[in-house]
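In what follows, a single structure is set out as structure tokens and then discussed.
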Number of protein chains: 2
Amino acid sequence: MANRVTLDHIAQHVGVSKTLVSLVLNGKAQQYGISRQTCDRVFAAVKELNYRPNQTARSLRTGKTGTIGLVVSDISNTFYAQLARQFEDLATANGYSVFICSTDEDVEKEQRLITMLRNRQVDGLVVSSSQSNAEWLMAINDSGTPLVLIDRHLGASTLTAVVAANRNGGALLANQLFEQGYRHPLVIGLSTNHISSVAERIEGFVEVFKGKGQTCAIREVGFNTLQPDVHSLLANPKLLPFKPDCLFAVNNNVATAALQSLAAMRVKIPNELGLVCFDDLPYFSIIEPTITAVEQPIAAMCGKAFELLQLKMVGDSVEVSQGILELPVKLNIRRSSLKKSK
Amino acid sequence: MANRVTLDHIAQHVGVSKTLVSLVLNGKAQQYGISRQTCDRVFAAVKELNYRPNQTARSLRTGKTGTIGLVVSDISNTFYAQLARQFEDLATANGYSVFICSTDEDVEKEQRLITMLRNRQVDGLVVSSSQSNAEWLMAINDSGTPLVLIDRHLGASTLTAVVAANRNGGALLANQLFEQGYRHPLVIGLSTNHISSVAERIEGFVEVFKGKGQTCAIREVGFNTLQPDVHSLLANPKLLPFKPDCLFAVNNNVATAALQSLAAMRVKIPNELGLVCFDDLPYFSIIEPTITAVEQPIAAMCGKAFELLQLKMVGDSVEVSQGILELPVKLNIRRSSLKKSK
DNA sequence: AAAAAAAACTAAATCGATTTAGTAACAAAT
DNA sequence: ATTTGTTACTAAATCGATTTAGTTTTTTTT
């Protein structure tokens, strides 16, 4: 019902074969020596009948759908929303459309979604995976489906991955806190700590303090129970080995939850408690105090990921660089970590 | 390369026709009297050969792709990101995948994207349109492509639309401000003021003050120059007919830009200037002062939009309710509009 | 024993494009 | 006069499913 006009209709209307119409519309007129007049008549018919090519039919024949699957944990998370937007722009500019899927950090859901996307014959996949080992995705990669990991890598696998310098970012934040005189950090991680990004942020952070002879308390909160978990953590200091003088929120959602609890408890930042966060959010530079954060190179990550994916998709047997590509992060120092200043 | 195994392979492996395999896999075995043993052998082969159906081929034959296009102005805007997430969940639960597209409030881009989605044979479209009249979309609707507008409607057209109670929301905010003693509001709208949501929010707001004998200053800022426009507006009071005592930010981005400027200018909210916003954001209940905002019924809007779209998609000639469906909003009163309290 | 019914399947058409392997008509070269 | 080459096209196969319209074999009914 939606699309009545086909190549055949155009062909009949003009009085030529549908082969010719197809060739003309695909810009192969010159190559096949089709006369200018005929081309013009085809174009005129296309306009007159308002022909729109059926991409499904074309995809079946060519084996290319012009679609890419983008799989993240939650598209409503500002970080992934921004990433999706950047990626969408690149994809659209290159003639691709993007399926966006949220996994909620659920491995089985991730696998179901990826299988579904492959059944839809996506030309490529960009995945921020929640899986703990590379096997399953490796099989997909080896089966020939172009795949690029983003934001998170999967250990020493040879899967192509584009990530932020998470370890370095964690270290930058730790150094900033230490310089400002903070000595007893509480690291709030996620129960999905096996995920490379989170793990490395924490490692980078903890290493610095360890190097200065200080220990960090590390606690995890659940992805689906973030708010209450963070709150009970902050409200019950007896659960910790010591009273922390600063907080490291391992991503933007953890930071927002912490800020909410701390506001309710009327804890004064940065003096009673310092706060730093991995991921920058627009509101971090608005609120009082402004929040020190590591900003991820979202545009660069998308750019690189798309570039690598496209190399794999055109697949001229170019050997695409495998392994992990790490892009530099930026430390935005703001008042939430400035103890001295007061 | 991605998908080697086809129905034919299964058929040969089992020693039956591909018709039979198709019937079995589509659950029509009973109906076609196919024996249990044969079914089992088919299932076994599917598992053994790791068969995944080619959705493109299926779509070509059935005329259904199981895809929906979601077109919004910017997926990185928190409001649309949340909306997309809710919609994605509904779609996925019903076997659909979602293409998400951002228009940047550019009418031509919107039309290009929608045309592209139609060429991809999406089963339905959900659009938050930037267009100023209904004609173009009407043609699409009439051509039989299931279409539901969301967040914004297009005047008196008979296009199905699901929107928030924007006018009422604007009025709620105005009443709140007036009750608290504010008398001289500055309304910060968008240069895309023709858009129904923005227009109605402003109308609802202004009407209330007019009813009390007060005038509002109304100014517009550009979608792509939001931050600087808002800043110059707030930094140059001489451009206004009077010195405002409160601000109405017409959406979340405007509010964030305003907060940024006001923080830089060290303006005290709510006493020097009251502030209310249409759209609620997580950080509004964290910052000092907390921000009074109207919360949109995102889940309900998605639920209704999907429901209506699905009715149109199955298209059993059920007459789907046309026109505008308005869902109630919620006023979250917080400190940014509480003059009295101080 | 013939006809009808039921059970268990299959051949071929179809969706709407792209692509391969041609053909027909005419001019130019040998 | 035959071959070669160009120009301007086309018939038919193909992608991988679904669906229509059967067919064959066996069983049941009359």
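We name chains A, B, ... by the order of the sequence lines, and we start the count at 1 in each one.
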d(CD, Gln31(A); P, dT6(D)) in whole Å
16 Å
note: Asn26(A), atom CG; dT19(C), atom C1'; distance rounded to Å ~ 10 Å
Using the rule given for side-chain contact (heavy atoms from CB on, under 4.5 Å), can you reason through Thr103(A) versus Val72(A), listing the C-alpha separation, both sets of side-chain angles and the distance that settles it, and then say yes or no?
CA-CA 6 Å; Thr103(A) 66; Val72(A) 299; over 6 Å; no
May I ask you to say what Asp8(A) touches in the nucleic acid, namely base, sugar-phosphate or nothing, with a heavy-atom cut-off under 4.0 Å?
nothing
Phosphate OP1/OP2 of dT18(C): any Ser22(A) side-chain N/O under 4.0 Å
yes
Nearest-Å distance for atom pair CG/C1', residues Leu7(B) and dC15(D):
13 Å
Where do Phe87(B) and Ile68(B) land on the side-chain contact (heavy atoms from CB on, under 4.5 Å) test, with the steps shown first?
CA-CA 10 Å; Phe87(B) 194 83; Ile68(B) 295 173; 3.8 Å; yes
Bending between helix ends of the helix from dA1(C)-dT30(D) to dT30(C)-dA1(D) [5 pairs per end, 10° resolution]
70°
For Arg152(B), is there an ion pair with Glu105(B) - N to carboxylate O distance below 4.0 angstrom?
yes
Could you state the atom-to-atom distance from CZ of Arg52(A) to P of dA17(C) in whole Å?
10 Å
With Leu137(B), which of Thr145(B), Leu149(B), Leu125(B), Asp142(B) fulfils side chain to side chain contact (heavy atoms under 4.5 Å, CB included)?
Leu149(B)
Rounding to a whole Å, what distance do you find between Arg118(B):CZ and dG16(C):P?
15 Å
State plainly whether the residues Arg85(B) and Asp104(A) are in salt-bridge range, i.e. N to O under 4.0 Å.
yes
What does nucleotides 7-14 of chain C look like as a protein-contact string, B for base, S for sugar-phosphate only, - for none, at under 4.0 angstrom between heavy atoms?
-BBBBBBB
Of all the heavy-atom pairs spanning Leu113(A) and Cys101(A), show the shortest one and how long it is.
CD1-CB, 3.8 Å
Would you mind telling me which of dG16(C), dA17(D), dT19(C) lies closest to the side-chain atoms of Thr6(A)?
dG16(C)
Residue whose nearest DNA chain D nucleotide is more 5′ - Leu60(B) or Lys28(B):
Leu60(B)
Distance, rounded to the nearest Å, where Gln12(B) contributes CD and dG16(D) contributes P:
13 Å
What is the distance from CG of Leu25(A) to C1' of dT19(C), rounded to the nearest Å?
15 Å
Looking at every heavy atom in both Leu60(A) and Ala57(B), which two are closest together, and how far apart are they?
CD1-CB, 3.7 Å
Testing dA17(D), dT18(D), dT18(C) for proximity to the side chain of Thr62(A), the answer is dT18(C)
For the pair Asn26(B) (side chain) and Lys28(B) (backbone), establish whether a donor and an acceptor sit closer than 3.5 Å, ignoring hydrogens and angles.
no
Would Phe99(A) and Val98(B) count as a side-chain contact (heavy atoms from CB on, under 4.5 Å) if you check the C-alpha gap in whole Å, the side-chain angles of each, and the deciding distance to 0.1 Å?
CA-CA 6 Å; Phe99(A) 288 115; Val98(B) 184; 5.9 Å; no
Taking only N and O in the side chain of Asn54(B), is any of them less than 4.0 Å away from OP1 or OP2 of dC15(D)?
no
